[in-house]
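Below: one structure in structure tokens.
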Amino acid sequence: MGVEIDQAFVQDPQHRPNLSITKAQGIPLIDLSPITTTNPSPSAIEALVKEIGSACKEWGFFQVTNHGVPLSLREKLEEASKKFFAQSLEDKKKVSRDETSPSGYYDTEHTKNVRDWKEVFDFLAKEPTIVPLTSHELDDTIIHWTNKSPNYPPNFRGILEKYIEEMGKLAYKLLELIAMSLGLEAKRFEEFLKDQTSFVRLNHYPPCPYPHLALGVGRHKDPGPLTILAQDDVGGLEVKLKHKSDQEQWVRVEPTPNAYIINVGDIMQVWSNDEYESVEHRVMVNSEKQRFSIPYFVFPAHDTEVKPLEELTNENNPPKYRPYKWGKFLIHRKDSNFQKQNDENIQIHHFKIA
Ligand code: OGA
Ligand code: NI
């Protein structure tokens with residue numbers, strides 16, 4: 001039939017997916033029951049903290065079970081997401097993102113200047129979410145982002161709000177464990193989350209006739225400290241192995257029913273002064289099956305000054321990054337995410353001290 005792919009979706013040859021990937025050993029699977037049961041034993045928590053620490057160090061990615069998020073709630077949101085995306089494009093566009101707030105529906109995201117084979121619906125954890133108007137350093141105008149409210153499926157907003165509440169609880173627990181694994185006070189990261197800019201994203205990856213050329217999401221690192229991802233049973237998420245050879249190696253994250261996939265992002269890398277590195281990942285598309293996933297991006301308050309934590313630096317291990325304002329970084333990203341451009345997105349390595 002000779003249907004041609006829109007070139008905006010085509011990955012450069014070195015970034016195309018490897019469809020014959022072998023199933024390598026997976027990312028660590030961690031049982032969170034020591035913190036979700038009543039009367040946990042201190043030694044079980046200590047062991048858990050160690051496990052989390054080595055997963056962050058060696059992989060940057062892990063899965064958790066017994067996390068305390070009710071399965072029925074996750075299923076409700078998955079169901080709602082399916083119904084929402086099954087609508088006509090025209091109906092979905094009624095809740096499109098716009099200039100006043102980037103939350104809502106869109107299908108034109110680019111990662112590293114190549115269009116992703118997906119459509120998304122973003123919903124902010126806090127309403128309103130306070131952010132700077134522009135990425136200019138000297139402009140301190142503040143604006144409020146609010147959520148779009150689709151009227152289909154029924155009670156979509158209510159389900160999203162409940163889910164966000166659960167994600168918030170899990171995020172706090174995970175951040176405590178990570179803080180302890182770095183030798184910090186358990187609540188060390190809490191101060192950054194008071195006016196957090198976190199959001200939940202519903203991803204829909206439609207079947208793609210060109211799985212050898214396109215990606216659902218191109219290779220990238222998440223910019224916040226932490227991401228909590230629910231993927232369905234289709235699979236396609238790949239994580240780059242952290243070994244230092246010339247040849248990149250990608251590992252498929254096999255779906256584990258009712259588990260969450262956790263990854264540390266760029267801010268954790270900066271906070272920990274490179275102890276826990278943010279790891280590249282990407283999503284393959286499938287020629288037959290559609291895929292759904294639901295990441296929850298933990299993002300700090302806009303006025304957070306992101307920099308290596310004092311407790312983790314000293315004369316022998318000086319800060320490896322200059323401080324940057326999270327809100328300015330976020331707006332910079334948002335402004336450049338709209339279309340294919342030639343310049344690189346803002347990245348944490350721009351703040352690296354040589
Ligand atoms: C993302 C992401 C993975 C997935 O949205 O940042 O990495 O499996 N998603 O959808
Ligand atoms: Ni990601």
Side-chain angles (χ1 to χ4, degrees), residues 11 15 17 21 26-27 56 59-64 74 77-78 81-82 84-85 97 102-112 114-125 163 167 171 174 197-208 211 214-240 242 250-269 276-286 289-299 329-330 333-334 336-337 345 347-348:
Q11 299 282 336
H15 299 310
I21 197 165
I27 59 172
C56 290
W59 288 87
F61 261 87
F62 51 97
Q63 302 202 61
V64 295
R74 171 170 169 171
L77 184 56
E78 286 171 342
S81 171
K82 266 187 196 141
F84 173 79
F85 287 117
R97 68 186 288 176
S103 62
Y105 173 81
Y106 62 108
D107 63 358
T108 51
E109 186 159 71
H110 291 71
T111 304
K112 304 247 185 318
V114 182
R115 191 166 162 195
D116 294 330
W117 194 275
K118 69 170 183 189
E119 51 182 348
V120 313
F121 181 80
D122 287 346
F123 195 87
L124 299 159
Y163 191 77
M167 287 295 105
L174 288 165
T197 55
S198 304
F199 69 102
V200 67
R201 167 168 289 177
L202 306 178
N203 278 316
H204 175 222
Y205 304 97
C208 173
L215 286 168
V217 188
R219 72 195 202 288
H220 69 282
K221 297 174 179 180
D222 293 346
L226 193 76
T227 305
I228 303 176
L229 174 83
Q231 70 165 337
D232 69 9
D233 59 1
V234 173
L237 173 63
E238 293 186 336
V239 173
K240 196 165 137 184
K242 273 182 76 172
W250 293 85
V251 171
R252 201 73 71 75
V253 179
E254 295 298 325
T256 304
N258 192 23
Y260 282 95
I261 298 159
I262 312 298
N263 65 293
V264 297
D266 291 339
I267 290 183
M268 191 58 74
Q269 176 168 336
Y276 294 166
E277 285 167 331
S278 171
V279 169
E280 268 192 321
H281 51 286
R282 65 185 186 188
V283 175
M284 304 212 341
V285 276
N286 190 301
K289 292 183 195 159
Q290 60 178 344
R291 174 175 182 266
F292 295 87
S293 74
I294 309 177
Y296 176 76
F297 298 101
V298 180
F299 282 1
F329 187 99
L330 180 66
R333 277 282 176 95
K334 179 187 82 79
S336 53
N337 269 352
N345 236 332
Q347 303 284 344
I348 54 167

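Whatever order the structure lists ligands and atoms in, that order sets their numbers, starting from 1. Throughout, residue positions are numbered sequentially from 1 according to the sequence presented.
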| Side-chain donor/acceptor of Glu238 to backbone N/O of Arg282, under 3.5 Å | no
| request: State whether the side chain of Trp117 and the backbone N or O of Val285 hold a donor-acceptor pair below 3.5 Å, judged by distance alone. | output: no
| said: Only N/O/S atoms count here: what is the atom of His281 closest to the Ni ion (ligand 2) called? | reply: NE2
| said: One residue to check: Lys221. Relative to ligand 1, which of side chain, backbone, both or neither has a non-hydrogen atom less than 4.0 Å away? | reply: neither
| task | Just give me the atom name: the N, O or S atom of His220 closest to the Ni ion (ligand 2). | result | NE2
| query | Of all N, O or S atoms in Asp222, which has the smallest distance to the Ni ion (ligand 2)? | reply | OD1
| said: When you compare ligand 1 with Lys118, is there at least one nitrogen or oxygen pair between them that comes in under 3.5 angstrom? | reply: no
| query | For ligand 1, is any non-hydrogen atom under 4.0 Å from His281's backbone (N, CA, C, O), its side chain (CB onward), both, or neither? | reply | side chain
| query | Looking only at heavy atoms of Arg291, does any of them come nearer than 4.0 Å to an atom of ligand 1? | reply | yes
| message | Working note: Gln231 + Arg291, criterion side chain to side chain donor-acceptor pair (under 3.5 Å); need CA distance, chi angles, decisive distance, verdict. | response | CA-CA 8 Å; Gln231 70 165 337; Arg291 174 175 182 266; 2.7 Å; yes
| field | Main-chain N/O of Gly224 paired with Asp222 side-chain donor or acceptor, under 3.5 Å | value | no
| request: Answer with yes or no whether His220 contacts ligand 1, where contact means a heavy atom under 4.0 Å from a ligand atom. | output: yes
| task | Specify side chain, backbone, both or neither for Asp222, according to which of its non-hydrogen atoms lie closer than 4.0 Å to ligand 1. | result | side chain
| said: Looking only at the aromatic ring of each residue, does the gap between the centers of Phe299 and Phe199 stay below 6.0 angstrom? | reply: yes
| For ligand 1, which atoms, with element, lie under 4.0 Å from some heavy atom of Val283? | 3 (C), 4 (C), 8 (O), 10 (O)
| Part of Ile261 with heavy atoms under 4.0 Å of ligand 1, whether side chain, backbone, both or neither | neither
| query | To the nearest 0.5 Å, what is the distance between CZ (Arg201) and CG (Asp122)? | reply | 4.0 Å
| query | Do Arg74's NZ or CZ and the ring of Tyr260 fall within the cation-pi criteria of under 6.0 Å and 45°? | reply | yes
